[in-house]
Amino acid sequence: MLFRKEKPNMQYGIITIKSVGSNSGSLSFVEGLKDIPFEIKRIYYITQVKAGIRRGSHAHKTLQQLLFCPYGKIRIDLNDGKEKHAILLDRPNRGLLLNPGLWREMLWLEDNSVLCVAASDYYDEDDYIRDYQAFLKYIKEQGK
Ligand code: TYD
C-alpha cells in the first residue's frame, strides 16, 4: 500500500495541504516525501476550462499523483473497476492522492477552475490506459 486508503477498496487519500494565512492572502505548500509519499518529478496544471467540460477518462499503471484545485471547483470521479467515488476539490488546501489503477474523470464545475497535479514520474504515454475495456481487463489481471 502506497498510502492510507480512504475507503477499504479504493486507492486514494485526501490530505489537508498545509497553509499559512494572513491579511495579505493564503500560501499553501507541499513537500515531496514529507507531505506526500513520493518524490515529485513533474508538475502540470490545466487552465482555461469552461464549466461542464470533462477531461481525463484514463488510468495509470504506475504513476502516483497529488491533485489539487487552488482556484474554483472540480469534481474528480474515481473508479477502481468495482467501486465509484466522487471527490470535490473546492478549496486550495484540499489534496487528492491517487494511486495507480484508478480510472478518473474530471468535471469542471466552475469556469476557469485550475487543476494542478504533482506526479511521481515524468510523462510517459505507455503508463496510460485510455480505453475503459482495457482498464477493466488490466484490473482483473492485476487482481489474479
Ligand atoms: P492527458 O493526461 O490525457 O490530460 P487530460 O486527461 O486532462 O485530457 O494529456 C493531454 C495531452 O497532453 C496528451 O496529448 C499528452 C499531453 N501531456 C504531455 O505531453 N505531458 C504531460 O505531462 C501531460 C500530463 C500531458
Side-chain angles (χ1 to χ4, degrees), residues 1-20 25-144:
M1 186 165 55
L2 299 170
F3 46 76
R4 186 177 67 82
K5 290 179 184 177
E6 187 70 18
K7 302 280 179 187
N9 299 313
M10 266 269 176
Q11 292 273 341
Y12 72 86
I14 292 167
I15 62 166
T16 300
I17 297 172
K18 289 177 198 157
S19 302
V20 180
S26 175
L27 186 156
S28 303
F29 51 93
V30 175
E31 294 183 306
L33 291 179
K34 288 185 180 174
D35 301 312
I36 57 175
F38 56 85
E39 215 174 322
I40 298 166
K41 283 198 181 164
R42 177 167 51 114
I43 289 177
Y44 62 92
Y45 43 91
I46 303 174
T47 58
Q48 300 173 38
V49 180
K50 294 276 178 231
I53 296 283
R54 283 178 182 276
R55 299 185 59 119
S57 296
H58 63 253
H60 286 282
K61 296 174 195 164
T62 64
L63 194 71
Q64 293 172 266
Q65 295 165 298
L66 172 70
L67 277 61
F68 55 101
C69 173
Y71 177 82
K73 197 185 283 190
I74 300 169
R75 198 183 77 204
I76 313 295
D77 293 329
L78 299 174
N79 176 351
D80 66 358
K82 292 188 188 114
E83 289 183 43
K84 294 180 182 181
H85 293 280
I87 315 295
L88 199 59
L89 296 181
D90 59 352
R91 62 202 90 146
N93 70 345
R94 192 167 162 87
L96 175 61
L97 280 163
L98 297 183
N99 264 347
L102 286 171
W103 188 264
R104 83 284 310 271
E105 289 182 13
M106 297 89 84
L107 171 65
W108 263 251
L109 296 173
E110 289 176 4
D111 285 353
N112 297 318
S113 299
V114 176
L115 183 65
C116 297
V117 182
S120 63
D121 216 336
Y122 303 120
Y123 172 72
D124 176 9
E125 187 57 36
D126 289 343
D127 193 65
Y128 281 76
I129 305 169
R130 293 192 182 273
D131 177 78
Y132 186 64
Q133 293 310 317
F135 165 70
L136 293 178
K137 189 164 171 263
Y138 179 82
I139 290 297
K140 220 173 171 183
E141 284 166 4
Q142 294 291 304
K144 276 180 195 164

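Numbering of ligands and ligand atoms starts at 1, following listing order. Computed from a prediction, not measured in an experiment: that's the story for all the values here.
Within a 6.0 Å sphere centred on OH of Y132, other residues, nucleotides and ligands contribute more than 12 heavy atoms. Under a cut-off of 6.0 angstrom, the local environment of CZ in F29 is crowded, with over 12 non-hydrogen atoms contributed by other residues, nucleotides or ligands. Counting heavy-atom neighbours within 6.0 Å of Y44 OH, excluding the residue itself, gives a total above 12.
The H58 neighbourhood of ligand 1 comprises atoms 2 (O), 6 (O), with distances under 4.0 Å to a heavy atom of that residue. Close approach of ligand 1 to R55 is summarised as follows: ligand atoms under 4.0 Å from at least one heavy atom of the residue are 4 (O), 5 (P), 7 (O), 8 (O). Interface atoms of ligand 1 facing M106, defined by a heavy-atom separation under 4.0 Å, are 7 (O).
Interatomic distance, L89 CG to C116 SG, rounded to the nearest 0.5 Å: 10.5 Å. Expressed to the nearest 0.5 Å, how far NZ of K84 lies from CG of L102 amounts to 13.5 Å. A distance of 8.5 Å separates CD1 of I40 from CG of D35, quoted to the nearest 0.5 Å.
Contact annotation: for I46 versus ligand 1, heavy atoms closer than 4.0 Å belong to the side chain alone.
Here the protein heavy atom with the shortest distance to atom 3 (O) of ligand 1 is R130 NH1, 2.8 Å. Nearest protein neighbour of atom 2 (O) of ligand 1, counting heavy atoms only, is Y128 OH, 2.6 Å. When hydrogens are left out, the protein atom nearest atom 14 (O) of ligand 1 is Y123 OH, 4.6 Å; that is the closest non-hydrogen contact.
There is a protein heavy atom less than 4.0 angstrom from atom 7 (O) of ligand 1. For atom 12 (O) of ligand 1, the nearest protein heavy atom is 4.0 Å or more away.
A salt bridge links E125 with R130; the closest basic N to acidic carboxylate O contact falls under 4.0 Å.
In terms of polar-atom proximity, Y44 is not counted as a contact of ligand 1, lacking any N or O under 3.5 Å from an N or O of the ligand. At least one N or O atom of R42 sits closer than 3.5 Å to an N or O atom of ligand 1.
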Open item on the list: The test is side chain to side chain donor-acceptor pair (under 3.5 Å); show your working for N93 and T16 and say whether it passes.
Closed with: CA-CA 6 Å; N93 70 345; T16 300; 5.5 Å; no
